[in-house]
Amino acid sequence: MRVLSKSTLREFWEQPNYSDSEQPLSAWYDEAKSANWQTPQDINLYRSVSFVGNNRVVFNIAGNKYRLITAINYKCSTVYVRFVGTHAEYDKVDATTV
């Protein structure tokens, strides 16, 4: 998959309060880049994933300490990083439109 954009992930983990997210976010990024998700069922193999509509997929990162919202275009094999934040920050956004 083509993942857009790693810089969003990096900007998050470079913040002093979120430095512990670097390893799990980097691991997610590497796994997503090597994946070939053609349907939501391909992603459904993950225990920590939720499908929220509008091609949005939410990944729990670092034992659900962080949430990563992506928009996936299966036809183009592209994953767009739409949001990364704490669980509390996630509760304040609409995952289907972010």
Side-chain angles (χ1 to χ4, degrees):
M1 303 295 289
R2 184 171 174 218
V3 181
L4 303 174
S5 136
K6 187 173 185 177
S7 63
T8 303
L9 302 176
R10 185 179 303 112
E11 287 172 12
F12 182 77
W13 77 54
E14 286 179 347
Q15 296 178 59
N17 292 339
Y18 307 131
S19 60
D20 64 331
S21 68
E22 180 176 2
Q23 189 281 326
L25 285 171
S26 291
W28 175 88
Y29 177 83
D30 291 341
E31 192 167 340
K33 272 189 68 169
S34 64
N36 184 22
W37 299 325
Q38 296 180 359
T39 68
Q41 290 75 21
D42 295 334
I43 303 170
N44 208 22
L45 300 172
Y46 295 84
R47 294 185 327 234
S48 58
V49 65
S50 301
F51 300 91
V52 293
N54 200 24
N55 287 328
R56 298 297 199 271
V57 180
V58 180
F59 293 88
N60 296 329
I61 305 294
N64 205 22
K65 184 174 182 180
Y66 303 107
R67 293 280 179 100
L68 173 63
I69 302 173
T70 62
I72 299 180
N73 184 323
Y74 299 98
K75 189 182 232 184
C76 296
S77 298
T78 305
V79 179
Y80 301 91
V81 174
R82 306 299 299 158
F83 168 88
V84 60
T86 65
H87 200 298
E89 292 166 338
Y90 168 82
D91 288 341
K92 295 177 184 176
V93 301
D94 180 354
T96 62
T97 59
V98 69

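For the single chain, residues carry numbers from 1 onward in sequence order. Excluded from the calculations below are hydrogen atoms, water molecules and symmetry mates; all remaining heavy atoms, backbone and side chain alike, are included. Because the structure is a prediction, the values reported are computed rather than measured.
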| said: Count I, L, V, M, F, W, Y as connected when their side-chain heavy atoms are under 4.5 Å apart, and connections chain through other members. Are Val49 and Phe83 then in the same cluster? | reply: no
| remark: To the nearest 0.5 Å, atom CZ of Arg10 lies from atom OG of Ser21 at 12.5 Å
| message | Is any side-chain heavy atom of Val84 closer than 4.5 Å to one of Trp13? | response | no
| request: Taking Asn73 for its side chain and Thr78 for its backbone only, find out whether a donor-acceptor pair lies under 3.5 Å. | output: no
| message | If we ignore hydrogens and angles and just use 3.5 Å, is the side chain of Arg82 paired with the main-chain N or O of Val98 as donor and acceptor? | response | yes
| request: Of all the heavy-atom pairs spanning Ala95 and Val52, show the shortest one and how long it is. | output: CB-CG2, 3.8 Å
| request: Specify whether Trp37 and Trp28 have parallel, tilted or perpendicular ring planes, treating 30° as the upper limit for parallel and 60° as the lower limit for perpendicular. | output: tilted
| Roughly how far apart are Gln41 CD and Phe51 CZ, rounded to 0.5 Å? | 7.5 Å
| request: Measure the CE-CD distance between Met1 and Gln38 for me, rounded to the nearest 0.5 Å. | output: 9.0 Å
| message | Measuring only between side-chain heavy atoms, which start at C-beta, is Asn60 closer than 4.5 Å to Arg67? | response | yes
| said: For Val57, is there any backbone N or O sitting under 3.5 Å from a side-chain donor or acceptor partner on Thr70? | reply: yes
| request: Rounded to the nearest 0.5 Å, what's the gap from OG on Ser26 to NZ on Lys6? Could you check? | output: 5.0 Å
| Is it the case that Asn64 and Tyr90 place a side-chain donor and acceptor less than 3.5 Å from each other? | no
| task | Return the minimal non-hydrogen interatomic distance between Asn54 and Thr96, and the atom names on each side. | result | ND2-O, 2.8 Å
| Within-4.5 Å side-chain heavy-atom neighbours: Thr86 and Asn17 | no
| Same cluster or not: are Val58 and Val79 linked, directly or through other Ile, Leu, Val, Met, Phe, Trp or Tyr residues, by side-chain heavy atoms under 4.5 angstrom apart? | no
| message | I need the Thr8 OG1 to Tyr29 OH distance, nearest 0.5 Å. | response | 10.5 Å
| Does some side-chain heavy atom of Asn55 sit less than 4.5 Å from a side-chain heavy atom of Tyr80? | no
| N/O donor-acceptor pair under 3.5 Å between Asp42 side chain and Thr39 backbone | yes
| task | Rounded to the nearest 0.5 Å, what's the gap from CD1 on Ile69 to OG1 on Thr97? Could you check? | result | 8.5 Å
